[in-house]
**Student:** 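Below you'll find the structure I mean.
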Amino acid sequence: MTEHNSNTVIELKDITKTYTMGEMSLQVLKGVSVEIKAGEFVAIMGPSGSGKSTLMNILGMLDQPTSGEYFLDGVEVARMDQRQLARIRNRKIGFVFQNFNLLKRTSAMRQVELPLVYGGGKDRSKKAKAALEAVGLGHRLDHLPSELSGGQQQRVAIARALVNEPSMILADEPTGNLDSSSGKEIMQIFQRLNREEGITTIIVTHDPWIARHTGRVIMVRDGNIIADRLVADPLDATTAERPSEAEELEELFKEAYNRTDGVPAAFEKAEAPDTLEAEPASGD
Amino acid sequence: MNLIETLRVALTALSTNRLRALLTTLGIVIGIASVVSLTSLGGGVQNYVLSQFESLGLDILTVSSTRARGSSAIQPLNTADVEALTALGEAANIKAVAAVYSVQGTGVMGDSSVSVSVQGVTPNYGTVNDWKPLTGSFITQAQVNESARVAILGSTTVEDLFGDASYNPVGETILINGQVFTIVGTMEERTSTLGTTNETILVPISTAQTRLDNVHIAGKGYRVSQILVQVNDADTVDAVTDQVEGYFLRAHGIANINNADFSVTSATTALEALEQVIGVLTIFLSGIAAISLIVGGVGVMNIMLVSVSERTREIGLRKALGAQGSDILGQFLIESILLSLLGGFIGIVLSWLILQIAGQFLEDLVLSITASSALIATAVSSVIGILSGLYPASRAARMNPIQALRFE
Ligand SMILES: Nc1ncnc2c1ncn2[C@@H]1O[C@H](COP(=O)(O)OP(=O)(O)O)[C@@H](O)[C@H]1O
Ligand SMILES: [Mg+2]
């Protein structure tokens with residue numbers, strides 16, 4: 001860690017967000033204050049509906065807070081006009097969505113070129129190609145989203161997020177829709193970008209094992225930060241092995257079949273008990 | 001982003017959703033095709049009616065005697081008038097002057113007889129009326145000079161006398177008012193009859209004036225019933241009318257045209273009445289065209305509104321990636337302009353095809369696309385297309401990116 005990395009990039013002071021729908025109003029963020037330094041890798045965790053996405057959208061300047069101050073690189077976001085916000089979204093921030101948000105019927109290359117189109121840069125196809133190669137999709141340049149797996153689509157979205165060489169990547173449940181091996185590939189990419197390029201990275205995740213790959217975990221509940229800790233010994237996505245699914249399932253079944261009558265609770269009302277009785281016997 | 005960049009984005013967006021682009025274009029195509037082909041059909045009908053009317057002789061003035069207001073004395077038209085008008089000639093835009101003297105007569109052929117108007121005519125009467133003999137030949141100057149007892153029969157009269165319109169009676173003789181005439185020809189049948197009739201017998205004008213009647217006027221030759229003045233060009237009808245009126249006012253010593261004992265009429269007078277009718281027809285057709293334009297416009301508007309709303313998420317994503325509001329508006333503006341132009345082009349081609357097919361059934365009509373209708377239709381549907389595309393696009397462009405991304 002160099003001294004450059006100790007600079008604060010993000011500073012939130014008492015951020016609130018209230019959604020009003022007609023008569024009803026719902027306060028989703030209730031005064032969030034946090035500081036994030038350049039080069040940090042942060043995981044935001046918390047139950048569903050606790051306000052994680054709302055917070056990420058505010059961080060990514062996709063939405064405005066109801067009150068509070070947000071300083072990005074020392075500049076207050078509320079003072080920026082639409083043009084400046086669009087420029088920052090284009091240049092400084094790479095946003096990765098849980099549902100990928102790729103354009104339909106558009107090739108991987110074109111998806112990744114999009115931020116360059118709005119940024120006005122040169123050598124678009126070269127940069128787009130390099131970004132896709134960086135996420136291991138150098139051989140899928142002309143593929144449409146419908147021709148790619150979920151993990152590959154998310155990697156296209158990551159290439160799109162990093163093609164403009166942003167100083168920070170915001171990813172809202174990037175592995176939420178993916179199987180665990182795709183999730184692991186995504187985490188490898190994020191770790192590499194964070195370590196090698198020094199890109200400040202913030203991800204939202206439900207998965208404690210994913211969170212253990214980051215350097216800091218912020219817990220959100222009911223619109224408040226309830227915990228903010230450093231990760232003692234972050235996992236390395238290239239080497240770390242998640243406890244296998246088979247092992248986890250075995251544990252689950254063991255619990256289920258260890259019940260006194262030997263029939264899993266879910267199967268109690270089944271109509272053909274004969275075959276079900278045979279199963280545990282052979283399974284043992 | 002510059003224009004070329006925006007154009008490229010718009011083209012890419014259009015080509016990635018060809019079906020949607022096609023449907024949008026279709027709305028414009030239908031609107032434009034219906035307007036253009038309707039107005040062209042209307043124009044074709046209009047021109048057809050006018051041209052039919054022109055074939056009746058828009059280039060002919062008819063001078064006849066009328067009873068003058070407040071005066072009982074009518075100065076009849078006469079040979080001297082015919083000569084004077086003929087003398088005005090080319091310099092006065094007069095191409096030819098023909099004269100007619102008609103008497104009521106009875107033609108007898110064996111057992112059959114007809115009562116018809118026997119028209120004494122000058123040799124140029126046929127060409128002035130664009131009326132040709134079917135058999136034999138028309139009245140000649142020589143026959144006029146010697147007041148020959150020769151007759152030409154109209155097609156109805158041939159049928160009435162011989163029981164067969166195709167019978168050729170040339171060389172036979174006929175009794176007209178008791179005098180023996182030799183038949184020297186028959187006239188072709190006139191379909192549009194203005195001032196001519198198929199139920200007639202034509203004789204040399206002098207024969208009618210001296211042998212069938214006696215209408216000598218001292219110092220002025222003979223009386224005539226009608227003088228036909230053929231002008232050089234239909235556009236000069238009004239000017240020649242003034243000249244002819246001027247001549248007769250002087251010759252008859254009348255100061256005020258309202259007291260004239262003659263009248264100069266032309267098909268133009270009737271044409272003016274017809275043009276009023278056609279004007280109403282045009283308004284009616286324009287109304288239909290306007291309705292179809294509105295229908296087409298509503299179609300374009302619907303598709304634009306739906307397709308842009310459907311793309312609110314796309315707009316949200318583009319904004320999240322750094323698109324400015326103006327980039328979004330530019331893209332949608334160019335998309336709708338391109339679609340409108342494409343739709344306009346296809347619509348005009350389609351209406352051309354429709355007119356070609358219609359032309360097969362309506363052979364008499366000359367159907368061509370008028371530039372103004374094509375232009376107006378394209379302009380109106382483009383404006384509708386662009387406005388209805390821009391409205392939802394600008395709404396989406398003003399949203400938070402996340403609002404647009406969440407749009408259902
Ligand atoms: N645009 C919105 N309008 C109204 N309520 C919203 C909107 N977005 C989110 N919410 C509500 O705010 C709460 C927090 O949502 P979110 O930030 O998406 O939670 P998380 O990402 O932690 O699951 C939820 O109860 C959700 O229903
Ligand atoms: Mg969420």
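Below, read A as the first sequence line, B as the second, and so on, with proteins coming before strands; counting in each chain starts at 1. Since the structure is predicted, the reported quantities are computational estimates derived from the model, not experimental observations.
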**Student:** Keeping to residues at least two apart or across chains, list the salt bridge (charged side-chain N to carboxylate O under 4.0 Å, His left out) pairs with something in residues 334-359 of chain B.
**Tutor:**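 Residue pairs passing salt bridge (charged side-chain N to carboxylate O under 4.0 Å, His left out), neighbours aside: B:R311-B:E335.
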**Student:** Does any part of the side chain of A:R160, heavy atoms only, come nearer than 4.5 Å to the side chain of A:L102, both counted from C-beta?
**Tutor:** yes
**Student:** At a heavy-atom separation under 4.5 Å, does B:R406 approach chain A through its side chain, its backbone, both, or neither?
**Tutor:**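 It is the side chain, since no backbone atom gets that close.
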**Student:** If you define the side chain from C-beta out and look only at heavy atoms, does anything of A:D14 sit under 4.5 Å from A:E69?
**Tutor:**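 With C-beta onward as the side chain, the pair stays apart.
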**Student:** Taking atom CE as the centre, does A:M21 end up with more than 12 heavy-atom neighbours from other residues, nucleotides or ligands that are less than 6.0 angstrom away?
**Tutor:**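 Enclosed: over 12 neighbouring heavy atoms sit under 6.0 Å from CE of A:M21.
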**Student:** Under a 4.5 Å heavy-atom cut-off, does chain A meet the side chain of B:R318, its backbone, both or neither?
**Tutor:** both
**Student:** Treating A:K52 as the side-chain partner and A:P47 as the backbone partner, does any N or O pair qualify as donor plus acceptor under 3.5 Å?
**Tutor:**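 Present.
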**Student:** Measure distances from A:N57 to the heavy atoms of chain B and classify the residue's part below 4.5 Å as side chain, backbone, both or neither.
**Tutor:**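 Side chain only.
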**Student:** If we ignore angles and hydrogens, is there a donor and acceptor under 3.5 Å between the side chains of A:S67 and A:T16?
**Tutor:** yes
**Student:** Look at atom CG of A:D222 and say whether more than 12 heavy atoms of other residues, nucleotides or ligands are closer to it than 6.0 Å.
**Tutor:** no
**Student:** Non-hydrogen contacts under 4.5 angstrom with chain A: give the residues of residues 10-19 of chain B involved, or none if there are none.
**Tutor:** B:T12, B:T16, B:N17
**Student:** Check whether any side-chain heavy atom of A:V32 sits under 4.5 Å from a side-chain heavy atom of A:V220, and report yes or no.
**Tutor:**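 A side-chain contact is absent here, since even the closest heavy-atom pair is not under 4.5 Å.
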**Student:** Please output the residues of residues 78-94 of chain A in contact with chain B, using a heavy-atom cutoff of under 4.5 Å, in numerical order.
**Tutor:**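 Residues A:Q82, A:R83, A:A86, A:R87, A:R89, A:N90 are the ones that qualify, each having a heavy atom under 4.5 Å from chain B.
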**Student:** Any heavy-atom pair between the side chains of A:L62 and A:F97 that's under 4.5 Å?
**Tutor:**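 Yes, their side chains come closer than 4.5 Å.
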**Student:** Answer whether the closest heavy-atom distance between the side chains of A:L59 and A:Y70 falls below 4.5 Å.
**Tutor:**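 Yes, their side chains come closer than 4.5 Å.
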**Student:** In terms of heavy-atom pairs under 4.5 Å, which option from B:R313, B:K319, B:E314 contacts chain A the most?
**Tutor:**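 Max contact count across the listed options: B:K319.
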**Student:** Where does A:N99 contact chain B at under 4.5 Å (heavy atoms): side chain, backbone, both or neither?
**Tutor:**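 Interface part for A:N99: side chain.
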**Student:** So how far is it from A:E133 CD to A:L141 CG, rounded to the nearest 0.5 Å?
**Tutor:**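 Spacing of CD (A:E133) from CG (A:L141) equals 7.0 Å.
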**Student:** Using a 3.5 Å distance criterion without hydrogens, assess whether the side chain of A:S149 forms a donor-acceptor pair with backbone atoms of A:Q152.
**Tutor:** yes
**Student:** Who wins among A:T106, A:L144, A:V117 for the most heavy-atom pairs under 4.5 Å with chain B?
**Tutor:** A:V117
**Student:** Within residues 348-360 of chain B, which residues come under 4.5 Å of chain A, heavy atom to heavy atom?
**Tutor:**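 Not one residue of residues 348-360 of chain B has a heavy atom under 4.5 Å from chain A.
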**Student:** Considering residues, nucleotides and ligands other than A:R221, do more than 12 of their heavy atoms fall under 6.0 Å from its CZ?
**Tutor:**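 Incorrect, the count does not exceed 12.
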**Student:** Under 3.5 Å, is there a donor-acceptor pair between the side chain of B:S326 and the main chain of B:Q324?
**Tutor:** no
**Student:** Kindly check if the number of other-residue, nucleotide or ligand heavy atoms within 6.0 Å of OH (A:Y19) is above 12?
**Tutor:**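 Yes, the 6.0 Å shell around OH holds more than 12 heavy atoms from other groups.
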**Student:** May I ask you to decide if A:N177's main-chain N or O and A:Q98's side chain share a donor-acceptor pair within less than 3.5 Å?
**Tutor:** no
